[in-house]
There are 2 protein chains.
Amino acid sequence: MPVDPKVPGSVWTRPSRPQREQLTREQIVAATIELLDAEGVGTLSMRKLGTRLDAAATSLYRHVANKDELMELVVDDIYGELEIPAAGGPADWRAATTRAAAGLRAMALRHPWIAPELGQAGLAHVGPNTMRVSSELLALFEAAGFPAQEKDRAMGTLMAYVIGIATSEAAYLSLIARSGRTESEWVADQRPRFDEASQEHPRLREGSSARQDVNPKKIRDDDFAYGLDRILDGLAARLDA
Amino acid sequence: MPVDPKVPGSVWTRPSRPQREQLTREQIVAATIELLDAEGVGTLSMRKLGTRLDAAATSLYRHVANKDELMELVVDDIYGELEIPAAGGPADWRAATTRAAAGLRAMALRHPWIAPELGQAGLAHVGPNTMRVSSELLALFEAAGFPAQEKDRAMGTLMAYVIGIATSEAAYLSLIARSGRTESEWVADQRPRFDEASQEHPRLREGSSARQDVNPKKIRDDDFAYGLDRILDGLAARLDA
DNA sequence: GCAAGGCGCGTACGGTGTGCGCTAGCCTGA
DNA sequence: TCAGGCTAGCGCACACCGTACGCGCCTTGC
């Protein structure tokens, strides 16, 4: 016999509300990040998030205006993980910048779903951590000796590069993760398919076949470092002029 | 008197199928691009796309495996718009690369929804146009004199930068477009909000307030050119060594 | 001891992508 | 010439989605 939920049980039989501690914004953000890390951005839903917090989906809306705003909060929270080295003198500018860039990339690879969001962020998001990171990065370029009109551009160049490369790395790693294979296995699996597709573009094959036996993670690390070094070379040259 | 659609009208009264010309993959891709250009990626749905083609949403699935595959086709189709200058000698390498980068950025700004997709693409998509563009770009770096092990990396560096910067530009422009204002109006509107938010990070304000009265489009163009020049400087230096 | 406000929740609405199986027209082969 | 199979479009249905709304409980401040 189904009970009509409209008519609550008697005061005696009905348990008092399970005394849940209140939902908080921090809790919601933290749970969202766990869920995103575990399953990626495509399958995040307010209902799943609610379930994970033992709450109804609609309860979340007391603490967060909507899903987009939640994503903004989440992105800013992740930026909180980032430590930018303190600005030293012009001498260690390059080392500091390199470490900052590596930290940003590492952050994006720890949370592969975040890279596309970072790209979207730019001027629109003005969360506290985002601003702190920007400000600290800017300080690095300032200490390096970039004039006021240029430090913004120098930073923008670096950020565009790191976000760009991290986005494709993250997409690639997510794809592999979904396939259930290791990176090396996946690369080996895909080679015939890729070779066939690139049959009429032999130039595309050279690079990949030359590095066929190298650990793919090392390739990615080296590629990242290569581009970063070139960009810092270019910026350093500008500094000397 | 409502007609039960389960019972089709008699053969005589029921019109023969309206002789629509067949749906084709090309048609679907073209319509998708129109829809995306007009309304952005967030509101694209298979049903809307069907309506635009005078077809049921489910009919599209005869020609396209699913929405993700459709997006891959669309991305590759857009890559078809791109003309990469032919590889000349080492002399005009820099000019050619600059033009290629500008073309890629222009493409991404013409179709602001594409930038995030480009980031995701990387190795996963192997459409014909994508491969042609990669191959032609690679030829540019080869002609410039980069050794076989390095031309891939040089290209990757450039692509990461252009995609990174275009992604945030595109996101920003889409935001403005949705607000219904012009870019200059929007910038002026946002200034107080931004100033307040950056109160405790004065460094963030310097750059933006210094350029307060410059045409924002020109700022974006100049910023892009600045980073591109630095990167090409860095790559050129490597070439000389 | 009571009023007010904050919070969680049930329900509901208008979407989404897409699997399934029917139908009708076309092409093929006998 | 005609039967039979193949194909493309479609209606329906399913399992989701984000989120507006309003009810009632619980806590807080007086």
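Each chain gets a letter, A, B and so on, in the order the sequences are listed, and its residues count up from 1. None of the values given here were measured: they were computed from a predicted structure.
In this entry the distance linking CG of A:N66 with C1' of D:dT19 reads 9 Å, nearest Å. Computed from coordinates, the B:R47 CZ to C:dG15 P distance equals 10 Å when rounded to whole Å. What separates CD of B:E39 from P of C:dT16 is a distance of 11 Å, to the nearest Å. Distance, A:Q27 CD to C:dG8 P: 9 Å, rounded to whole Å. In this structure, B:H63 atom NE2 and D:dG9 atom P are separated by 4 Å, rounded to whole Å.
Taking the side-chain contact (heavy atoms from CB on, under 4.5 Å) definition, one finds that A:A160 meets it with B:Y161, B:I165, sequence neighbours left out.
Listed candidates were C:dC9, C:dG17, C:dT18. Nearest to the side chain of A:A55 is C:dC9. When the nucleotides D:dT19, D:dC10, C:dG17 are ranked by their closest atom to the side chain of B:S59, D:dC10 comes out on top. Of the candidate nucleotides C:dG10, D:dT19, D:dG9, C:dG10 has the atom lying nearest to any side-chain atom of A:A56.
Nucleic acid contact for B:T58: base, since at least one base atom lies under 4.0 Å from a heavy atom of the residue. Among the protein residues, B:L49 comes within range of no part of the nucleic acid, since none of its heavy atoms lies under 4.0 Å from any strand. Note on B:L70: nothing from the nucleic acid sits closer than 4.0 angstrom, heavy atoms only.
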Report, one pair per line, the protein and nucleotides 5-7 of chain D atoms (nitrogen or oxygen only) whose separation is under 3.5 Å.
none

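No more than 12 heavy-atom neighbours from other residues, nucleotides or ligands sit within 6.0 angstrom of CD on A:E83.
Residue pairs meeting the salt bridge (charged side-chain N to carboxylate O under 4.0 Å, His left out) criterion with at least one member in residues 171-181 of chain A, sequence neighbours excluded: A:R181-A:D189.
Residue order along DNA chain D, read from the 5' end via each residue's closest nucleotide, puts B:L60 first among B:L60 and A:Y61.
Inspection of the B:E183 and B:Y172 side chains reveals an N or O donor paired with an N or O acceptor under 3.5 Å. For the residue pair A:H63 and A:Q27, no side-chain donor N or O sits within less than 3.5 Å of a side-chain acceptor on the partner.
A salt bridge is absent between A:D152 and B:R203: the closest approach of a Lys/Arg side-chain nitrogen to an acidic carboxylate oxygen does not fall below 4.0 angstrom.
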